[in-house]
Enquirer: 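Would you mind keeping the following structure in view while I ask a few things?
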Amino acid sequence: MSDAELKLQLDMSPNSILLTNCEAAEMLQKIQGHMAILSEDPKIKIPESFDKAFQYAKEGNHFTSAKLVKEILEPLKDYGVNDGEICMIANIGPETIEEVYALIPSLKATRSINEGKIAEALTALANIKASK
């Protein structure tokens, strides 16, 4: 394991999962849809940072469907791409394979086995990009 991978694992609590911006945006959208009901319950306190987090996730979301992003990127695990790298690809929204390797240098170590599959994934992701 590289130092970066080890640090990522050490920084995460054992029961946590990585979310892409599109997954976070969809989750926060559902919460916002129930906000009127939630605000009536005095036991539930919505943090002031909710709106900022929701805005950040929406602005960082490059795609129309978190489910489709996951279906496209999840198979990359079979080619040496880890969860953190998959999350970065989804959050960055690179358009070329060169961008991927420039922005996520840890992928260079397994380039010979992952380059073709990452290129295929980028093509599929381009088809579900949200218009901005």
Side-chain angles (χ1 to χ4, degrees):
M1 225 182 274
S2 73
D3 289 341
E5 289 173 320
L6 186 58
K7 176 152 179 40
L8 183 62
Q9 287 186 356
L10 292 174
D11 288 347
M12 291 181 58
S13 63
N15 296 325
S16 62
I17 59 168
L18 293 172
L19 290 177
T20 61
N21 287 337
C22 50
E23 290 171 315
E26 285 185 6
M27 289 177 137
L28 295 172
Q29 180 70 50
K30 288 177 185 173
I31 292 170
Q32 189 181 49
H34 296 95
M35 200 72 89
I37 296 166
L38 293 172
S39 64
E40 292 174 7
D41 187 340
K43 295 177 187 170
I44 298 175
K45 300 284 186 218
I46 303 296
E48 291 178 24
S49 59
F50 176 88
D51 290 330
K52 287 182 181 179
F54 184 37
Q55 188 65 31
Y56 177 84
K58 285 193 314 187
E59 288 174 4
N61 180 9
H62 303 285
F63 305 103
T64 57
S65 165
K67 182 180 179 216
L68 291 175
V69 170
K70 194 168 196 84
E71 287 173 9
I72 291 167
L73 294 177
E74 201 68 21
L76 294 178
K77 288 181 181 181
D78 296 334
Y79 299 90
V81 182
N82 67 39
D83 287 332
E85 294 161 335
I86 286 172
C87 193
M88 285 188 272
I89 292 170
N91 290 348
I92 295 167
E95 295 180 3
T96 67
I97 195 76
E98 291 78 20
E99 272 186 273
V100 171
Y101 292 117
L103 296 170
I104 312 168
S106 59
L107 289 171
K108 290 179 186 177
T110 54
R111 187 172 187 156
S112 62
I113 61 169
N114 67 30
E115 185 171 12
K117 292 299 177 183
I118 292 173
E120 289 174 21
L122 293 179
T123 300
L125 289 172
N127 292 326
I128 61 165
K129 278 223 173 182
S131 56
K132 295 273 179 174

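Values reported hereafter were calculated over all heavy atoms of this structure, with side chains retained and with hydrogens, waters and symmetry mates removed.
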Enquirer: Take atom CE of Met27 as the centre, draw a 6.0 Å sphere, and report whether it contains more than 12 heavy atoms from other residues, nucleotides or ligands.
Expert: no
Enquirer: Would Tyr56 and Ile46 show up in the same hydrophobic cluster when neighbours are defined by side-chain heavy atoms closer than 4.5 Å?
Expert: no
Enquirer: Looking at every heavy atom in both Phe54 and Gln29, which two are closest together, and how far apart are they?
Expert: CZ-OE1, 3.1 Å
Enquirer: Begin with the C-alpha distance, continue with both residues' side-chain angles, and end with the deciding distance and a verdict on side chain to side chain contact (heavy atoms under 4.5 Å, CB included) for Leu68 and Phe63.
Expert: CA-CA 9 Å; Leu68 291 175; Phe63 305 103; over 6 Å; no
Enquirer: Under the salt bridge (Lys or Arg N to Asp or Glu O under 4.0 Å) rule, what pairs show up with a residue in residues 30-53, not counting sequence neighbours?
Expert: none
Enquirer: Are Ile128 and Ile86 connected, step by step, through hydrophobic side chains (Ile, Leu, Val, Met, Phe, Trp, Tyr) whose heavy atoms are closer than 4.5 Å?
Expert: yes
Enquirer: Atom CE in Met88, atom CG in Leu18: separation rounded to 0.5 Å?
Expert: 9.0 Å
Enquirer: How far does CD1 of Ile44 sit from CD1 of Ile37, to the nearest 0.5 angstrom?
Expert: 10.0 Å
Enquirer: Nearest 0.5 Å please: distance from the CG atom of Leu19 over to the CD1 atom of Ile17.
Expert: 4.5 Å
Enquirer: State, to 0.1 Å, how close Thr20 and Ala90 come at their nearest heavy-atom pair, and which atoms those are.
Expert: CG2-CB, 3.5 Å
Enquirer: Charged N to carboxylate O below 4.0 Å: is that the case for Lys70 and Glu23?
Expert: yes
Enquirer: Kindly give the heavy-atom pair with the smallest separation between Val100 and Pro94, and that separation in Å.
Expert: CG2-CG, 3.5 Å
Enquirer: Between the main-chain N or O of Ile113 and the side-chain N or O of Thr110, is there a donor-acceptor pair closer than 3.5 Å?
Expert: no
Enquirer: Before giving the answer on side chain to side chain contact (heavy atoms under 4.5 Å, CB included), spell out for Tyr79 and Ile118 the whole-Å C-alpha distance, their side-chain angles and the decisive distance to 0.1 Å.
Expert: CA-CA 9 Å; Tyr79 299 90; Ile118 292 173; over 6 Å; no
Enquirer: Are Leu28 and Ile31 side-chain neighbours, meaning at least one heavy-atom pair lies under 4.5 Å?
Expert: yes
Enquirer: Under the 3.5 angstrom rule, does the side chain of Lys129 hit a backbone N or O of Gly93 as a donor-acceptor pair?
Expert: yes
Enquirer: Show the nearest heavy-atom pair for residues Asn91 and His62, with the distance to one decimal.
Expert: O-NE2, 2.8 Å
Enquirer: Please test Leu122 against Thr96 for side chain to side chain contact (heavy atoms under 4.5 Å, CB included), starting from the C-alpha separation and ending with a verdict.
Expert: CA-CA 7 Å; Leu122 293 179; Thr96 67; 5.6 Å; no
Enquirer: Looking only at heavy atoms, what is the nearest atom pair of Ile97 and Glu115, with distance?
Expert: CD1-O, 3.7 Å
Enquirer: Starting at CD of Glu74, measure out to CG of Asp83 and round the result to the nearest 0.5 Å.
Expert: 6.5 Å
Enquirer: Go through Ile104 and Val81 one step at a time and tell me if the side chain to side chain contact (heavy atoms under 4.5 Å, CB included) criterion holds.
Expert: CA-CA 11 Å; Ile104 312 168; Val81 182; over 6 Å; no
Enquirer: Ignoring hydrogens, what is the shortest heavy-atom contact between Asn114 and Leu107? Give both atom names and the distance.
Expert: ND2-O, 3.3 Å
